[in-house]
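Just below is one structure, and these are the notes that go with it.
Chain A is the first sequence line, chain B the second, and so forth, proteins listed ahead of strands; every chain is numbered from 1. Atoms considered below: every heavy atom in the structure, side chains included; atoms not considered: hydrogens, waters and symmetry mates.
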Amino acid sequence: MASKLRKQEREVEKQLEVIGDGTVEVINVDELKAKLMRSLETGVPLRAKLGADPTAPDIHLGHSVVLKKLREIQDLGHEVVFLVGDFTALIGDPSGRSKTRPSLSPEEVEENAETYREQAFKILDPEKTIIDHNSRWAGPMTFRDVIELSGKYTLARMLERDDFRSRLDNNRPISIHELLYPLLQAYDSVALEADIELGGTDQKFNLMVARDIMREYGQEPEIAVIMPILVGTDGARKMSKSLGNYIGVGEPPEEIYGKVMSVTDEVMLDYYRVLRVSSETEIAEMEARIKSGEINPKDAKKELAKRLVKAYYDAKAAGAAETTFEKVHRDGGVPDEIPGLTPSSNPVDIVSLIREAGFASSNTEARRLVSQGAVYIDGERITDIESEIAIEGGEILKVGKRRFARLNAD
RNA sequence: GGAGGGAUACCCAAGCGGCCAAAGGGGGCAGGCUGUAAACCUGCUGGCAUUAGCCUUCGGGGGUUCAAAUCCUCCUCCCUCCA
């Protein structure tokens, strides 16, 4: 009996470690411990929730931080609910910014959600993931229900949120529905009776509200597992699709590889850490070696790029992406696979050729590229805007460092 | 209900009668260098034609003027304050 108990304790400790690894914060660890203990005793898995806003369907490395944690929890045998915020999406824009997002139709939401799911399942185990939609309970809610829900929270507490506080202080607008948002999200947890909710640090406030609201509804508050936010490829702002500084998990291998390579050395180290590509000790060691000059940061970055491609494709794709990258960027060569192009006339003037290849959106831009020395045919730089190119077939048009087309004689 | 502020190119933001295709920054693109699509330096960044030049753009319409992003007027939208 005593040994069984000890075994359980060890299991709980193990799970706590797995869940806590790489997090910024777990609120609250003691409560989590109690939940885990009870789960082991009763054999009922915990239910972990992740809310997904189906407005921007491309899952990127930033999302992967949270999804990966969810997968780990899943692998511990717990239940994972992937909650599509279709109802919230129909209302409009909840977060920060002033710009109103156009409301989406249910069809659009479903379409986005489908893409989202597909990509999320590159990380989550599709067999063990429960998909739900918050319209299921939020839709039938009456105004009366909403008032009741609103009555469980105060403005003062809402204003604890930095975002709201600073907007209020700076005389910037806060619309009412924005105040409702955390409540709605919190209610999702009530409806699901979630044990755990995942989120980035930017979600901390919402997660705390959820805990409070759950208590108000007589439930045990969920555990907030808070993950770090991943910085975008620009190294300045958080990774997000709308900022265009993201690396999508659904992008082609060469693209992922290349984008990782374009990131600064500093961001690279951050990616190693936040994406937990290596263990903390390995990363620390690597960092020291880079500092001492023992390792070239470039090689560390290549390793990162390769591992990430491997995570979303396989080792073969990673190798191929690396080969292509080396060929193009180190050796100034040509990738194996490049799109073909049959010009509308032969010979063609260089400006039309560039435009037909889609490498410039106007003649002026095409001319600019030529005069900047960005254009090559078979490795030979074209500097004369008037150049007429006679095509025999097989010539390689290169514009800039990374845009290629193979020309066909027609 | 009252008073005020604002809308400028991909984004932020100057300009407030001509010298404005419109400062500056960001982003993007290109070149150089390199360790790479890092960092750094330089250039370009409305379109057509590239010689000159022409056309379109400063929330929308209408005006004033030889000439407007800049002045007047109406409209639309956004924000703030007072009530």
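Atom name C1', nucleotides B:rG26 and B:rC74: the rounded distance is 37 Å, in whole Å. B:rU51 and B:rU34 have their P atoms separated by 35 Å, given to the nearest Å. Look at the C1' atom in both B:rG47 and B:rA9: the space between them is 13 Å, to the nearest Å. The same atom, P, is picked in B:rC55 and in B:rA67; the two are 15 Å apart, to the nearest Å. To the nearest whole angstrom, the two C1' atoms, one in B:rU8 and one in B:rC58, are 4 Å apart. B:rA7 and B:rA14 have their P atoms separated by 8 Å, with the value rounded to a whole Å. Between B:rG27 and B:rC16, the two P atoms lie 28 Å apart (nearest whole Å).
One finds a side-chain N or O of A:Ser362 lying less than 4.0 angstrom from the OP1 or OP2 phosphate oxygen of B:rC48. Between A:Asn363 and B:rG47 there is no side-chain N or O to OP1 or OP2 distance below 4.0 Å. Phosphate proximity of B:rA39 to A:Thr264: absent, as no side-chain N or O sits under 4.0 Å from OP1 or OP2. Residue A:Thr364 places at least one side-chain N or O under 4.0 Å from the OP1 or OP2 atom of B:rC48.
For the pair A:His329 and A:Arg237, both in contact range of RNA chain B, the more 5′-proximal nearest nucleotide belongs to A:Arg237. Map A:Ser361 and A:Ile385 each onto its nearest nucleotide of RNA chain B; the residue landing nearer the 5' end is A:Ser361.
Using a 4.0 Å heavy-atom distance criterion, A:Val263 is classed as a sugar-phosphate-only contact.
Rounded to whole Å, the distance from CG on A:Asp331 to P on B:rU34 is 16 Å. Across the protein-nucleic acid pair, A:Lys302 atom NZ and B:rU34 atom P stand 18 Å apart, rounded to whole Å. The nearest whole Å value for the distance from the CD1 atom in A:Ile354 to the P atom in B:rC44 is 19 Å. Put simply, CE on A:Met261 is 14 Å from C1' on B:rA39, counting in whole angstrom units. Look at CD on A:Glu294: it is 18 Å from P on B:rG35, rounded to the nearest Å. Put simply, CZ on A:Arg368 is 16 Å from P on B:rG28, counting in whole angstrom units. The NZ atom of A:Lys327 sits 17 Å away from the P atom of B:rA37 (whole-angstrom rounding). As a whole-Å value, the separation of A:Lys301 NZ from B:rU34 P is 17 Å.
The base of B:rG35 sits within donor-acceptor range of the side chain of A:Asp265, with an N or O pair under 3.5 Å. In terms of polar N and O atoms assigned as donor or acceptor, the side chain of A:Arg367 comes within less than 3.5 Å of the base of B:rU50 in a complementary pairing.
A salt bridge links A:Arg157 to A:Asp212: one of the charged nitrogens lies within less than 4.0 Å of a carboxylate oxygen. Ionic pairing of A:Glu79 and A:Lys49 is not present here: no N-O contact between side-chain nitrogen and carboxylate oxygen is shorter than 4.0 angstrom. A salt bridge does not link A:Glu216 to A:Arg211: none of the charged side-chain nitrogens sits closer than 4.0 Å to a carboxylate oxygen. Salt-bridge formation is not detected for the pair A:Arg273/A:Asp270: no Lys NZ or Arg NE/NH1/NH2 atom is positioned less than 4.0 Å from an Asp or Glu carboxylate oxygen. Electrostatic pairing of A:Glu220 and A:Arg38 counts as a salt bridge here, judged by a charged N lying under 4.0 Å from a carboxylate O.
Both cation-pi conditions hold for A:Lys259 and A:Tyr246: the charged atom is under 6.0 angstrom from the six-membered ring centre and inside a 45 degree cone around its axis. Because its NZ or CZ atom is both nearer than 6.0 Å to the ring centre of A:Tyr313 and within 45° of the ring axis, A:Lys122 counts as a cation-pi partner of that residue. Figure legend: cation-pi geometry between A:Lys152 and A:Tyr217, with NZ or CZ positioned under 6.0 Å from the six-membered ring centre and within 45° of its axis.
Base pairing analysis places B:rU76 opposite B:rA7; the two distances defining the Watson-Crick or G-U wobble pair are each below 3.5 Å. With both pairing distances under 3.5 Å, B:rG1 is matched to B:rC82 as a Watson-Crick or G-U wobble pair. With a cut-off of 3.5 Å on both pairing distances, the Watson-Crick or G-U wobble partner of B:rC29 is B:rG43. The partner of B:rC20 cannot be assigned: no Watson-Crick or G-U wobble pair with both contacts below 3.5 Å exists in any strand. For B:rA52, there is no paired base (Watson-Crick or G-U wobble, both distances below 3.5 Å).
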Distances under 3.5 Å between nitrogen or oxygen atoms of protein and nucleotides 29-33 of chain B:
{"residue": "B:rC29", "atom": "O3'", "partner": "A:Arg403", "partner atom": "NH2", "Å": "3.4"}
{"residue": "B:rA30", "atom": "OP1", "partner": "A:Arg403", "partner atom": "NH2", "Å": "3.2"}
{"residue": "B:rA30", "atom": "O2'", "partner": "A:Gln372", "partner atom": "O", "Å": "3.3"}
{"residue": "B:rG31", "atom": "O3'", "partner": "A:Arg381", "partner atom": "NH2", "Å": "3.3"}
{"residue": "B:rG32", "atom": "OP1", "partner": "A:Arg381", "partner atom": "NH2", "Å": "3.4"}

Using the side-chain contact (heavy atoms from CB on, under 4.5 Å) rule, take A:Leu36 and A:His78 through it: C-alpha gap first, then chi angles, then the decisive distance, then the call. CA-CA 10 Å; A:Leu36 287 171; A:His78 299 295; 3.7 Å; yes
